[in-house]
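By convention here, the first residue in the shown sequence is residue 1. Both ligands and their constituent atoms are indexed starting at 1 by order of listing. The structure displayed is predicted, hence computed values, not measured ones. Note: hydrogens, waters and symmetry copies are ignored here, and every other heavy atom, side chains too, is used.
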Amino acid sequence: MSTYRFGSLPHKDLLSVAQLSVDEIGLIFNTAAELKRNREKHDSVLRGKKLAMVFEKDSLRTRFTFDVGMQDLGGHAVFMDHRDARIGQRESVRDVAKNLERWVHAIVARTYKHRVVTELAENCSIPVINGLSDYLHPCQALSDFFTLYEKWNGDIAGRRITYLGDGNNTCHSLINTASKLGAHLTVCTPEGYEPNSKVVHEAMLFARQSGAEIRITNDPEKATIDADAVYTDVWASMGQEDETEERAGIFHDYQVDDEIMGRAKPEAFFMHCLPAHRGHEVTADVMDGPRSIVFDIAENRLHVQKAILVLLLHP
Ligand code: CP
Ligand code: NVA
């Protein structure tokens, strides 16, 4: 039986890292560390609680870790497979939310349109967690930075991280998190694939307080110089499959290979949210090499999401 006193987040939902203060991110990291350290101890923190997992897209990590996370904490997850029909198609998003709140204690949603996640959140009284939308992937970025927090003993401010590839959902949430935590993030994309300007603008405002430097560039030759970590993601995200071939040509110079890693610090980590496509955004040598921490990040999805569940649901 656990005697650990868990805190709580002063939010109903977890939709974006941009909504969190630095202290709240710290609370998530400390809670995740405790849940990781004493995995067996906290097996009844969410006893009797039920989580609906409403997914319009495929998933290995997010689906598995939320499900196992609820089991670890004494709760239960129910998977609602929406991969054939989008949420809101059979009945309105609002009505789905109004039904679910009568049966379960929280919802994790993975959607095409970000608006669907926010609409679910606006129309129910229970917590809604963003499990990836076309705009953001907050659980991923929190797990990425929690992993760096572990590797660098909490010393994140002032570190240099370079993201190479598409200015997508994963990239947006990394920008949000880096700007809050004072990490220097260089985002390097082909022209026309830069991150959303609203995300960048907001990050610049956070950066004034945290000391972060957020840089957007199109030059892969210089982007990884002196980096402490190099990050990439797929070139075509879910929903963009028909652009795969076109993007392979456009993103060719942004592949993370030994040369690009060679410009980073010798001890720099390689990071990827997964799934990875060896030979596309990353070479097999880098992906499977000694600097790769991709499976440590994948493991931490479990601990970080358990922390989010406890901090939103524990009385
Ligand atoms: N990184 C990530 O979210 O993985 P899945 O798409 O498998 O959930
Ligand atoms: N950007 C990717 C992330 C997958 C975890 C996608 O949206 O498909």
For [atom], which protein heavy atom lies nearest, and how many Å away is it?
atom                   : answer
atom 3 (O) of ligand 1 : His137 NE2, 2.8 Å
atom 2 (C) of ligand 1 : Arg301 NH1, 3.2 Å
atom 5 (C) of ligand 2 : Leu274 O, 3.6 Å
atom 3 (C) of ligand 2 : Asp233 OD2, 3.6 Å
atom 7 (O) of ligand 2 : Asn169 ND2, 2.8 Å
atom 8 (O) of ligand 2 : Met238 N, 2.8 Å

Can you sort out which atoms of ligand 2 are near Asn168, meaning under 4.0 Å from one of its heavy atoms?
-> 1 (N)
Quick one: do Glu122 and Arg115 satisfy salt bridge (charged side-chain N to carboxylate O under 4.0 Å, His left out)? Show the steps, please.
-> CA-CA 10 Å; Glu122 284 160 14; Arg115 181 74 198 115; 3.1 Å; yes
Test of proximity, Leu274 against ligand 1: N or O pairs below 3.5 Å | yes
So is there a nitrogen or oxygen of Leu132 less than 3.5 Å from a nitrogen or oxygen in ligand 1?
->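 For ligand 1, there is no N or O atom that lies under 3.5 Å from one belonging to Leu132.
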Taking both backbone and side-chain atoms of [X], is any N or O found less than 3.5 Å from an N or O belonging to ligand 2?
X      : value
Ser237 : yes
Arg110 : no
Leu132 : no
His137 : no

Examine the side chains of [X] and [Y] and answer whether a donor and an acceptor come within less than 3.5 Å of each other.
X      : Y      : result
Glu194 : Asn218 : yes
Ser125 : Glu101 : yes
Asp144 : Gln140 : yes
Asn168 : Gln240 : no
Gln305 : Thr65  : yes

Does the ring center of Tyr193 lie less than 6.0 Å from the ring center of Tyr254?
->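 Here the rings of Tyr254 and Tyr193 have centres that are no less than 6.0 Å from each other.
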Leu60 heavy atoms, cut-off 4.0 Å: which ligand 1 atoms fall inside?
->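 Per the distance check, 5 (P), 7 (O), 8 (O).
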Looking at Asp67 and Arg63, does any basic side-chain N land under 4.0 Å from a carboxylate oxygen?
-> no
Does the pair Arg263/Glu259 count as a salt bridge with the N-to-O cut at 4.0 Å?
->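 Counted as a salt bridge, because a side-chain N and a carboxylate O are separated by less than 4.0 Å.
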Kindly indicate whether a cation-pi arrangement holds for Arg86 with Tyr112, taking the cut-offs as under 6.0 Å to the six-membered ring centre and within 45° of the axis.
-> yes
Pick one of side chain, backbone, both or neither for how Asp134 approaches ligand 2, counting any non-hydrogen atom pair under 4.0 Å.
->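 Near ligand 2, Asp134 shows nothing, with every heavy atom at 4.0 Å or more.
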So which of Arg110, His272, Arg61, Gln140 gets nearest to atom 4 (O) of ligand 1, if we judge by its closest heavy atom?
->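 Looking at heavy atoms only, the winner is Arg61.
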